[in-house]
Amino acid sequence: MYVCICNGVTDGDIRQAVKAGCCGMAELTMRTGCGACCGSCVETATETLEQLRAELQPQRDNVVGFPGVRHAA
Ligand code: FES
């Protein structure tokens, strides 16, 4: 399903970004362009991102790491 028509971003693209460690809308925009034009997709994209993060990255909320150090996906 297309989430961002302006930039041709699908829910599959968002899923891939989350799997690669994407953790917010600003990062999703940088990675895919989603939301960078008219902005009408931002609400749906944010909801999709958060749903996929909850589904794919549930263990990350319990991880305590060193500041500035990213954990591998
Ligand atoms: S639909 Fe995503 S920026 Fe226009």
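All heavy atoms count here, side chains included; hydrogens, waters and symmetry mates do not. Atoms within each ligand, like the ligands themselves, are counted from 1 in listed order.
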**Prompt:** In terms of hydrophobic clustering (I, L, V, M, F, W, Y; side-chain heavy atoms under 4.5 Å; direct or indirect links), are Leu56 and Met25 co-clustered?
**Reply:** yes
**Request:** Let me know which protein residues bring a heavy atom to under 4.0 Å of ligand 1; chain then number is fine for ordering.
**Result:** Cys4, Ile5, Cys6, Gly35, Ala36, Cys37, Cys38, Gly39, Ser40, Cys41
**Asked** Donor-acceptor pair, Asn7 side chain versus Cys4 backbone, under 3.5 Å?
**Response** no
**Request:** Would you kindly confirm whether Tyr2 and Ile14 end up in one hydrophobic cluster when ILVMFWY residues are joined by side chain heavy atoms under 4.5 Å apart?
**Result:** no
**Fill in**
Output for pair (Glu27 CD, Cys22 SG), nearest 0.5 Å, gives 4.0 Å
**Request:** Following the transitive rule for hydrophobic clusters with a side-chain heavy-atom cut-off under 4.5 Å over Ile, Leu, Val, Met, Phe, Trp and Tyr, establish whether Ile5 and Met1 coincide in one cluster.
**Result:** no
**Request:** With the side chain counted from C-beta on, respond yes when Leu28 and Cys34 share a heavy-atom pair under 4.5 Å apart, and no when they do not.
**Result:** yes
